[in-house]
Amino acid sequence: MRSADPEQFNELVGQLNASIKAASDRQRQKLEYLKAYQLSFSGRFDLGIEAAKTLFENSTDIETKVQAGSLIVNSYAATRDFSEGLRYLNQMIGLVDEVGDPEIRHHAWAAAGSISNHVGQYEQGIRYADLMLADSPSARTSCFAGALRMEAFYNMGQLSGRETEVRTIIDECVGAGEPLFANYVRAYHARLMADRGDRNGAIVLLSQHLDEVEATKYPRVIGEVYATLAEAYLAAGDYEAADRFARGVMRHATAMASSAPLVTAHRVLYESALQRGNNAAALAHHINYFDANSAYLNEVKARALVYEQVLGETREKNQTIELLNRENQVLQLREEASALATRNTQLAIALLAVLLGTIAFWAWRTKRSQVKFQRLAETDALTGVSNRMDFSRRAEQALAYCSKDGEEVGLVMFDLDEFKSINDRFGHATGDWVLQEVAKVCSDICRKNDRFGRLGGEEFAFLLVGCDLPSSVALAQACRKRIAAIDTTSTGHAFAVTASFGVSGTRASGYDFLTLLSRADDALYQAKHAGRDRVRTHGLEADTTTVAAN
């Protein structure tokens, strides 16, 4: 009843509480766990966590202890305190092998898989789900495990080709009376359909179950479904419906801070306003989208850093225990073999050297992992250039430095023409190839102090330090020509690749990054409407710098 029928669950807990005097110690501990669960499920996570912690520390029943630990992990994940959740996971997961009840083992693995997916460790999430599926699971457990797997596969880009498995999991969740997880998996199924171009199918699938989704009153699932519908309606050209569902996501913003659905909602509102020619609203929504996307990327980075930090703490703790164990062994050897003191001293020195070397090795590996993660967090995975967050940060730093000396800076923003058509006609693999080639040819013309990055989708930008507006336009023209010269025959298709460019400069627009970006975006919009494959400057810049494709 805990997740399938919360009202019935609350009534049953009340009945048990009324007969507490007849309960054994073990039954009292079980009831304390259910009451802690009741607090967390109702949103009072602080009270639920405290009650579960008390039970975890003091329970003499290993199964109750594992249940309390699982609840702590899930509650910390829900409140986004992933560091504490991972620390309790390390304590709880080591006890699972001592549990005889398979349902409790499955509950622990489900908590472990959920928080692993939360912090981006999707392979770990799949591993815990597979443990559940290999342990004679009930229909309810199969539903939970399947949902974890689909979440991980989607975020790893590996859900395609698993449609049959997706439908099976939905049927299992429906059969187990778990509408929450059934609709969570449906949201991923709909995304997959939309990604393949079947937007109407995605809309129909989610619309059929929209009342059921809203009845769960669970913000995360509602947000995922609303965001998917908003994207699908936007792609279908139904801007009114797209706006309605995007704003529906934002009504749950408090419960979904720094989340992907919130980023999607702001982007849909921005693109919808832009398509309808409402530039003022589009700019306002674009700023909100930029802020939401930055917050989401920072959150993703923070989660991964938390995972690395807790992993490092665990390694250090294990190494400390190992060090103490070995030191105890050395002391014991000294007591038992005092006649061989010289030999024992040499052995202790050798052991200490091994331990120090081990600690140094793990410290080096941890540092290397941190550096690697930072590089990944700042780089666009597809093209290898700076992502939006890193480009924005570096651009703001460069502008702040140049503003002190009054050094001119140019900002060039460009967007590939008819890129959606390339994806639709030749497939996303060809589209990815085009993005990689564009990034390569444009990176080659960057100077040492220039900044180049992918803002998202088919949109890129340069920040040109020390360039006045004419020089910035000249670079934009050079980049435009290089893009137009890309030979696509290696993809097995022959088609043209062009881009439209917008240019702004600090002489007319100042050194505020968002202002430069907005004015370059306006100029880009003008280039699109003037026929594409050309360079335009912002309307406030000198007309002599406006250059057409020829």
Side-chain angles (χ1 to χ4, degrees), residues 79-80 82 118 120 219-220 222-224 226-228 230-231 234 239 242-276 278-306 374 376-381 385-400 403 411 413 415 451-463 502 504 509-522 524-525 538:
T79 57
R80 312 183 87 79
F82 298 109
H118 270 297
R220 183 178 175 189
I222 295 173
E224 293 284 354
Y226 278 9
T228 304
E231 279 191 309
L234 176 69
Y239 303 124
D243 284 3
R244 184 172 71 254
F245 282 106
R247 295 187 187 282
V249 175
M250 294 169 64
R251 286 197 298 272
H252 296 85
T254 302
M256 295 190 300
S258 304
S259 66
L262 198 58
V263 175
T264 298
H266 284 298
R267 179 176 58 79
V268 167
L269 290 172
Y270 155 65
E271 293 185 3
S272 174
L274 192 64
Q275 291 294 328
R276 290 185 285 187
N278 190 345
N279 292 336
L283 177 59
H285 289 310
H286 187 274
I287 292 172
N288 291 335
Y289 164 58
F290 178 81
D291 291 342
N293 192 50
S294 297
Y296 172 64
L297 292 175
N298 288 336
E299 173 78 3
V300 171
K301 180 179 179 181
R303 292 181 194 179
L305 286 174
V306 162
Q374 182 176 0
L376 290 173
E378 295 173 352
T379 302
D380 177 61
V385 301
S386 291
N387 59 25
R388 186 183 191 108
M389 180 179 67
D390 186 57
F391 174 79
S392 301
R393 178 179 61 81
R394 290 176 178 269
E396 288 175 349
Q397 290 174 348
L399 286 166
S403 68
L411 192 145
M413 187 175 178
D415 184 278
R451 307 287 186 266
F452 176 58
R454 181 185 178 193
L455 301 185
E458 63 269 27
E459 194 172 67
F460 297 81
F462 292 90
L463 189 83
S504 63
S509 302
Y511 291 88
D512 180 71
F513 172 68
L514 290 180
T515 301
L516 280 169
L517 190 68
S518 175
R519 292 185 174 180
D521 191 40
D522 287 344
L524 170 58
Y525 185 77
H538 184 260

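For clarity, every value in this text was computed on a predicted model and none was experimentally measured.
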* **Nearest-0.5 Å distance that lies between atom CD in Glu231 and atom CD in Glu271** => 8.5 Å
* To do: Classify the angle between the aromatic ring planes of Tyr289 and Tyr270 as parallel (below 30°), tilted (30 to 60°) or perpendicular (above 60°).
  =>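 Rings of Tyr289 and Tyr270: parallel, under 30°.
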Looking only at heavy atoms, what is the nearest atom pair of [X] and [Y], with distance?
X      : Y      : result
Tyr226 : Gly248 : CD2-C, 3.5 Å
Ala246 : Ala230 : N-CB, 3.8 Å
Ser272 : Asp243 : OG-OD1, 3.0 Å
Ala227 : Val249 : N-CG2, 3.5 Å

* To do: List for me each residue that meets side chain to side chain donor-acceptor pair (under 3.5 Å) alongside Ser392, sequence neighbours excluded, and say none if there are none.
  =>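 Side chain to side chain donor-acceptor pair (under 3.5 Å) list for Ser392, sorted by chain: empty.
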[Y] and [X], any side-chain heavy atoms less than 4.5 Å apart:
X      : Y      : value
Val268 : Phe245 : no
Leu516 : Leu399 : yes
His266 : Met250 : yes
Phe462 : Leu411 : no
Leu274 : Asn279 : yes

* To do: Give a yes or no answer on whether the side chain of Ser518 reaches the backbone of Leu514 with a donor-acceptor pair at less than 3.5 Å.
  => no
* **Short N-O contact, Asp390 and Arg393, less than 4.0 angstrom** =>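 Looking at Arg393 together with Asp390, the answer is yes, because their closest N to O distance falls below 4.0 Å.
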Listing, residues 451-459 side-chain donor-acceptor contacts under 3.5 Å, not counting sequence neighbours, or none:
{"residue": "Arg451", "atom": "NH1", "partner": "Asn449", "partner atom": "O", "Å": "2.8"}
{"residue": "Arg454", "atom": "NE", "partner": "Gly457", "partner atom": "O", "Å": "2.9"}
{"residue": "Arg454", "atom": "NH1", "partner": "Asp380", "partner atom": "OD1", "Å": "3.3"}
{"residue": "Arg454", "atom": "NH1", "partner": "Asp380", "partner atom": "OD2", "Å": "3.1"}
{"residue": "Arg454", "atom": "NH2", "partner": "Gly457", "partner atom": "O", "Å": "2.9"}

